[in-house]
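Just so you know, these numbers come straight off a predicted model, no measurement behind them.
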Amino acid sequence: MAADADAKKRRVALAALDEMPRDAIIGIGTGSTVNFLIEAIAARPGLIGIAVSSSEASSARLRAAGVALVDLNDLTELSLYIDGADEANPARQLIKGGGGALTREKILASAARRFVCIVDDSKMAATLGQFPLPIEVIPMARALVARALTARGGRPVWREGFITDNGNQILDVHGLRITDPPALERELNQICGVVTVGLFALRPADLLLIGTSEGVEKR
Ligand code: 5RP
């Protein structure tokens, strides 16, 4: 089962190579699917020389693959961002943050002219919300934000022991049936103490590559 999932992730990661313009600086996401992409980049020296990374974990892997990293502040534009997701709907709206890198991921998605999301078909859902929605919070506001989420019908669970690359904490919100993702993202963004909501609906992916047993679907 896990081998099958890995085969789909590897397949979709390889398909993403075809979306990468030569000589461009590329934003690279975080997670096991992206790790297959970094592996593929490592096997093709010179394919990309420079990248912007969404996490310390991906930065370490990219450096080991011989890719130089640049700070987003030193760029005036980012042509492409490639990342995975925890859940995706047919409108290319996503839940992200299972790996806890949602804030930097959202920054890169927002900075990029084009956002290509790579998932295996187990991540597809008609309605988002089966996967608990990760929300990065300022530590002192964790309980305050949790109460606000409970009042909205969610069941927030503190990802205890986990600290994000930005020094913050994560609440994973269970039980949300997300029928209007942009509206919910807007609403949750307003809660004081929330750093980033793991809903990527106001800035969805531009292209969804879906790894299946047979091949890769584009949406
Ligand atoms: C990390 C993320 C990842 O993109 C998401 O968790 C998917 O990971 P994987 O490719 O391991 O399934 O949002 O913060």
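Following chains of ILVMFWY side-chain contacts shorter than 4.5 Å, one cannot reach Leu17 starting from Leu208, and the two form parts of different hydrophobic clusters. Phe131 and Ile118 are not part of a single hydrophobic cluster, where members link through side-chain heavy atoms under 4.5 Å apart. Val216 and Met124 sit in two unconnected hydrophobic clusters of ILVMFWY residues. Membership requires side-chain heavy atoms under 4.5 Å apart, directly or through other members. Hydrophobic clustering (ILVMFWY, side-chain heavy atoms < 4.5 Å, transitive): Phe36 and Leu47 are in distinct clusters. Under a hydrophobic-cluster definition in which Ile, Leu, Val, Met, Phe, Trp and Tyr are linked whenever side-chain heavy atoms come within less than 4.5 Å, directly or via other members, Ile191 and Val195 are assigned to different clusters.
Interatomic distance, OG1 of Thr33 versus CD1 of Ile38, reported as 11.0 Å (0.5 Å rounding). Ser79 OG to Ile25 CD1: the interatomic distance, rounded to the nearest 0.5 Å, is 8.0 Å. How far CG of Leu176 is from CD of Gln130: 11.5 Å, rounded to the nearest 0.5 Å. Note that OG1 of Thr196 is 12.0 Å distant from CG of Leu188, once rounded to the nearest 0.5 Å. Atom CD of Glu19 and atom CD1 of Ile82 lie 7.5 Å apart (nearest 0.5 Å). If you take CZ on Arg10 and OG on Ser32, they are separated by 11.0 Å, rounding to the nearest 0.5 Å.
Under the 3.5 Å distance criterion, the side-chain polar atoms of Asp120 are left unmatched by any main-chain donor or acceptor of Ala5. A donor-acceptor contact shorter than 3.5 Å links the side chain of Lys106 to the backbone of Val197. One N or O on the side chain of Arg44 and one on the backbone of Ala40 form a donor-acceptor pair closer than 3.5 Å. Not a single donor-acceptor pair under 3.5 Å links the side chain of Arg114 to the backbone N or O of Ala112.
The shortest distance between side-chain heavy atoms of Ile26 and Pro21 falls below 4.5 Å. Looking at Leu80 and Arg113, their side chains never come closer than 4.5 Å, going by heavy atoms from C-beta outward. For the pair Glu185/Arg203, no side-chain contact is recorded, criterion being any heavy-atom separation below 4.5 Å from C-beta on. Side-chain atoms of Val12 and Val119, non-hydrogen and from C-beta on, never get closer than 4.5 Å to each other. The closest side-chain heavy-atom distance from Ser54 to Thr30 is below 4.5 Å. Proximity of Thr103 to Thr164: side-chain heavy atoms (C-beta onward) are nowhere separated by under 4.5 Å. Residues Leu209 and Glu217 fail the side-chain proximity criterion, which asks for heavy atoms closer than 4.5 Å. Counting heavy atoms from C-beta outward, Ile28 and Ile41 have side chains that approach closer than 4.5 Å.
Smallest separation of non-hydrogen atoms from Val34 and Gly29: CG1-O, 3.3 Å. The two residues Gly198 and Leu133 come nearest to each other via the heavy atoms C-CD1, 3.6 Å. Nearest heavy-atom pair, Arg219 versus Ile210, reported as atom, atom and distance to 0.1 Å: NH1-CD1, 4.1 Å. Residues Asp165 and Ser55 approach most closely at OD2-CA, 3.3 Å, considering heavy atoms. Of all heavy-atom pairs spanning Ala16 and Leu37, the tightest one is CB-CD1, 4.2 Å. Taking every heavy atom of both residues into account, Asn168 and Pro139 meet most closely at OD1-CD, 3.4 Å.
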Donor-acceptor contacts, no H, no angles, side chain residues 140-154, under 3.5 Å, sequence neighbours left out:
residue : atom : partner : partner atom : Å
Arg142  : NH1  : Gln169  : OE1          : 2.8
Thr150  : OG1  : Ala146  : O            : 2.9
Arg152  : NE   : Glu187  : OE2          : 2.7
Arg152  : NH1  : Ala148  : O            : 3.1

Side-chain donor-acceptor contacts of residues 64-76 below 3.5 Å, not counting sequence neighbours, with atom names and distances?
residue : atom : partner : partner atom : Å
Asp71   : OD1  : Asn73   : N            : 2.8
Asp71   : OD1  : Asn73   : ND2          : 3.1

Identify every side-chain donor-acceptor pair in residues 88-101 under 3.5 Å, counting partners at least two apart or on other chains, and give the distances.
residue : atom : partner : partner atom : Å
Asn89   : OD1  : Ala91   : N            : 2.9
Asn89   : OD1  : Arg92   : N            : 3.2
Asn89   : OD1  : Gln93   : N            : 3.0
Asn89   : ND2  : Gln93   : OE1          : 2.8
Arg92   : NE   : Ala205  : O            : 2.9
Arg92   : NE   : Asp206  : O            : 3.3
Lys96   : NZ   : Asp83   : OD2          : 2.8
Lys96   : NZ   : Gly84   : O            : 2.8
Lys96   : NZ   : Glu105  : OE1          : 3.0

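The hydrophobic cluster containing Ile170, built from Ile/Leu/Val/Met/Phe/Trp/Tyr side-chain heavy atoms closer than 4.5 Å, also comprises Leu102, Phe162.
The salt bridge (charged side-chain N to carboxylate O under 4.0 Å, His left out) search around Arg159 returns Asp172, not counting sequence neighbours. Scanning for ring pair (Phe, Tyr, Trp, His ring centres under 6.0 Å) contacts around Phe115 gives Tyr81, with sequence neighbours left out.
Within a 6.0 Å sphere centred on CZ of Arg61, heavy atoms belonging to other residues, nucleotides or ligands number 12 at most.
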Between Asn166 and Glu136, is a side chain to side chain contact (heavy atoms under 4.5 Å, CB included) present by the stated rule, with each step listed? CA-CA 9 Å; Asn166 315 303; Glu136 181 165 348; 3.1 Å; yes
Can Glu56 and Arg104 be said to form a salt bridge (Lys or Arg N to Asp or Glu O under 4.0 Å), step by step? CA-CA 10 Å; Glu56 301 300 329; Arg104 297 185 190 188; 3.1 Å; yes
